[in-house]
There are 2 protein chains.
Amino acid sequence: MGFMNGLRDAPPATAPAAGTPLPLDSEQARALLKALADPCRLQVLEALAGGERCVCDLTGALGLAQSRLSFHLKVLRDAGLLNDRHSGRWVYYRLCPEALEALQGWLAGLARQCTAPATPCCD
Amino acid sequence: MGFMNGLRDAPPATAPAAGTPLPLDSEQARALLKALADPCRLQVLEALAGGERCVCDLTGALGLAQSRLSFHLKVLRDAGLLNDRHSGRWVYYRLCPEALEALQGWLAGLARQCTAPATPCCD
DNA sequence: CTCTCACATCAACAGCGCTTGATGGGTTTT
DNA sequence: AAAACCCATCAAGCGCTGTTGATGTGAGAG
């Protein structure tokens, strides 16, 4: 789900080098950015930056209501930023580094040519 | 303005290597992400990815109402993602690559350790 | 000086996203 | 079976954010 959609249609000839994340279009980047642009969700990401953790652990560590945390976990998971793993009655969440790397690549592409001189305007 | 605030207090001893962007805290990252998480603003950024352009040029290229574009330009500028330059009665905007690089660095920091095994929970 | 142009700002409205409390499904204990 | 626990989902309420149209400001043109 999330930013990985449409991967099946990518022609192998134009595929990026192995290891590099697939380039994002504007809509995919926007979805990732929107999912990231929330203080609660950033707390979750930073709590998961050290590795996989279960929900009940996160509720305690972040001091968030269970319903509230579950809502934000769903947003992050739907965006493709988180993966989940069910074990017994617990659910473990972990960061999806591919999504973060893809977004890094998108930002790098923006900054690449932005120092070009002004295009002549209205003269 | 924006993510560059608080630079004066940074001790030189702990400053990053020359050329690398200064590390962001959660709040700075959140502000940048929030400014980015909008389709209109992404249009603006991509239009400016090729280099500096004036507002009247952007309105025509993006097909946005002048008031609307001005609103989003202000959001991006306040966040530190854009710089402006006044020339006659025109205003030229350009991307601020430092902000983009800083955000890239923040994302890279998140992805660095996230493959650690699960911390034992509730056992 | 007056008019036009480029851009910023304002007030009002509408829509979306987040929070909260309650409910439900699924799993392990007792 | 019943109880306790973990987690997801739902409906209701509300605040924040973006859009729109009008107005303000400053700089060149006539």
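Sequence lines set the chain letters: A, B, ... in the order given, protein chains first and strands last, and positions in each chain run from 1. Side chains are part of it too, since the values below use all heavy atoms of this structure and drop only hydrogens, waters and symmetry mates.
- Going from atom CG of B/Leu42 over to atom P of D/dG18 covers 12 Å, rounded to whole Å.
- Separating the CZ atom of A/Arg77 from the P atom of D/dA8 is a distance of 7 Å, rounded to the nearest angstrom.
- Expressed to the nearest 0.5 Å, how far CG of B/Leu82 lies from CZ of B/Arg77 amounts to 8.5 Å.
- Judged by distance alone, with hydrogens and angles left aside, the side-chain atoms of A/Arg41 form no donor-acceptor pair with the main-chain N or O of A/Leu76 at under 3.5 Å.
- The interatomic distance linking A/Asp84 (CG) with D/dC6 (C1') rounds to 14 Å, in whole Å.
- Taking only side-chain nitrogens and oxygens, B/His72 comes nearer than 4.0 Å to OP1 or OP2 of D/dT19.
- Spacing between atom NE2 of B/His86 and atom P of C/dC7 amounts to 10 Å, rounded to whole angstrom units.
- B/Arg30 contributes no side-chain N or O that, together with a main-chain N or O of A/Leu42, makes up a donor-acceptor pair within less than 3.5 Å.
- If you measure from atom CG of B/Leu82 to atom P of C/dC7, you get 14 Å, rounded to the nearest angstrom.
- Residues passing the side-chain hydrogen bond (donor to acceptor under 3.5 Å, both in side chains) test with A/Ser26 are B/Glu46, sequence neighbours excluded.
- The listed nucleotides are C/dC7, D/dC7, C/dT19; the one nearest the side chain of A/Cys40 is C/dT19.
- For B/Tyr93, no side-chain nitrogen or oxygen approaches OP1 or OP2 of C/dA6 to under 4.0 Å.
- Expressed to the nearest 0.5 Å, how far SG of A/Cys54 lies from OH of A/Tyr93 amounts to 11.0 Å.
- A/Asn83 contributes atom CG, which lies 9.0 Å from atom CG of A/Leu95 (distance to the nearest 0.5 angstrom).
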Under 4.0 Å protein heavy-atom contact, by nucleotide of nucleotides 24-30 of chain D - B base, S sugar-phosphate only
---SS--
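- One can place OH of B/Tyr92 at 18 Å from C1' of C/dA8, the figure rounded to the nearest angstrom.
- For residues 58-67 of chain B, no pair satisfies side-chain hydrogen bond (donor to acceptor under 3.5 Å, both in side chains), with sequence neighbours left out.
- For the helix from C/dT4-D/dA27 to C/dT30-D/dA1, the end axes, each set by the C1' atoms of five terminal pairs, are bent relative to each other by 20° (nearest 10°).
- Residues from residues 58-67 of chain A with heavy atoms under 4.0 angstrom of DNA chain C, sorted by number: A/Ser67.
- If you take CG on B/Leu100 and CG on B/Leu45, they are separated by 7.0 Å, rounding to the nearest 0.5 Å.
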Pairs: protein N or O with nucleotides 14-17 of chain D N or O, under 3.5 Å:
residue	atom	partner	partner atom	Å
D/dT17	OP1	B/Lys34	NZ	2.4

Run the numbers on B/Ser70 and B/Arg68 for side-chain contact (heavy atoms from CB on, under 4.5 Å), then give the verdict.
CA-CA 5 Å; B/Ser70 189; B/Arg68 193 178 172 191; over 6 Å; no
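- Put simply, CZ on B/Arg85 is 12 Å from P on C/dC7, counting in whole angstrom units.
- As a whole-Å value, the separation of B/Leu73 CG from C/dA6 C1' is 13 Å.
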